Amino acid sequence: MPSQNLESSATDSRALKVLLAGPRGFCAGVDRAIRVVEEALRRYGAPVYVRHEIVHNRTVVEDLEKQGAIFVEELDEVPQDAHVVFSAHGVPKTVPLEAERRNLLYLDATCPLVSKVHREAERHFANGGENSRHILMIGHAGHPEVVGTMGQLPAGAVTLIKDADEARTVQPENPARLAFITQTTLSVDDTAEIVAILRDRFPQIEGPKREDICYATTNRQEAVKRIAPECDLVLVIGSPNSSNSQRLREVAERSGAPKALLIPKLENLEWDALDGVNVLGITAGASAPETLVQEIIEALSDRFSLNIEERIVKEEHVTFSLPAPLG
Ligand code: SF4
């Protein structure tokens with residue numbers, strides 16, 4: 001396991017060991033989505049409209065707003081002749097259709113790993129013909145990625161499975177013609193349990209070899225699992241509406257950390273939380289910039305004598321190119 005030791009300069013304050021989980025923070029899909037907005041601003045000038053938070057992180061959104069991006073929830077808030085970017089989470093098919101109807105110039109920043117799930121769903125549906133399978137989507141109700149993926153197919157083609165209980169009780173019309181897909185940012189362990197229930201109840205169900213949970217979600221959960229048993233507290237840097245950040249907090253607590261807190265940034269850290277903490281774990285969700293982690297470490301170093309150790313469970317070398325109009 002590669003590790004890295006960094007020593008703090010503070011000398012006369014209480015000792016605190018910090019275990020930094022690696023990988024943490026930005027994934028390739030988030031990095032690409034931000035580059036899409038920045039490149040659109042560079043090429044077309046401000047303002048560029050973005051439908052929904054480009055990624056679920058307020059710091060990223062505010063930074064892009066300063067550069068001239070305007071965030072809206074629906075296309076009817078976008079004026080005629082404007083450029084609009086669709087967020088990394090993906091959109092239902094109706095959204096690009098509506099953009100085309102209005103002659104809006106749109107750029108799709110959907111993560112390629114989400115688009116891959118969209119294509120899987122379409123393949124299983126097979127145009128509703130005789131080879132069509134009804135799809136069970138494992139995911140969180142109302143999350144934009146789930147709305148986008150379910151929206152690739154006509155209403156009724158996909159049933160959402162939110163948890164193990166629903167996997168146990170779902171009553172599909174034709175159990176012999178089923179498939180499953182998953183949201184990309186779920187808990188690896190919870191999803192494995194749900195898939196096992198579905199495979200047990202419906203042996204002919206089709207699905208991906210591994211779940212659709214992406215490499216970034218998997219690696220960040222694995223990294224926090226490794227440090228959690230040694231920590232008195234784990235801080236997860238990320239926004240409350242970030243699914244993969246929420247899962248990191250849960251995984252940390254389930255893996256042995258007595259407590260894990262999800263905080264968007266330094267100003268949300270309540271210092272009392274560190275009372276009695278000798279080993280602090282830190283990780284960050286896939287949409288949280290590394291600058292937010294470094295801000296916290298700097299503030300910690302003003303109060304504690306830090307011994308920082310980075311535990312990297314996997315090197316990541318994934319990058320995605322920009323979508324066609326910008327690539
Ligand atoms: S978390 Fe995974 S699916 Fe989501 S944007 Fe990042 S790489 Fe893509």
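Just follow the structure's listing: the first ligand is 1, and inside any ligand the first atom is 1. Quick caveat, the model's predicted, so the values are computed rather than measured.
Shown here are the protein N/O/S atoms lying under 2.8 Å from atom 8 (Fe) of ligand 1, water excluded: Cys111 SG.
In this view, Ser245 and Ser242 satisfy the side chain to side chain donor-acceptor pair (under 3.5 Å) rule, not counting sequence neighbours.
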Could you pull out every donor-acceptor pair under 3.5 Å between side chains of residues 71-79 and any protein atom, sequence neighbours left out?
residue, atom, partner, partner atom, Å
Glu73, OE1, His52, ND1, 2.9
Glu73, OE2, His52, ND1, 3.4
Glu74, OE1, Arg51, NH2, 3.3
Glu77, OE2, Glu73, N, 3.2
Glu77, OE2, Glu74, N, 2.9

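Under 3.5 Å, the side chains of Thr184 and Glu145 contain a donor-acceptor pair of N or O atoms. For the residue pair Asp108 and Thr110, a side-chain donor N or O sits within less than 3.5 Å of a side-chain acceptor on the partner.
With salt bridges taken as basic N to acidic carboxylate O contacts below 4.0 Å, one links Glu309 and Arg311.
Each salt bridge (charged side-chain N to carboxylate O under 4.0 Å, His left out) pair with one or both residues in residues 194-218, not counting sequence neighbours, appears once here: Arg133-Glu206.
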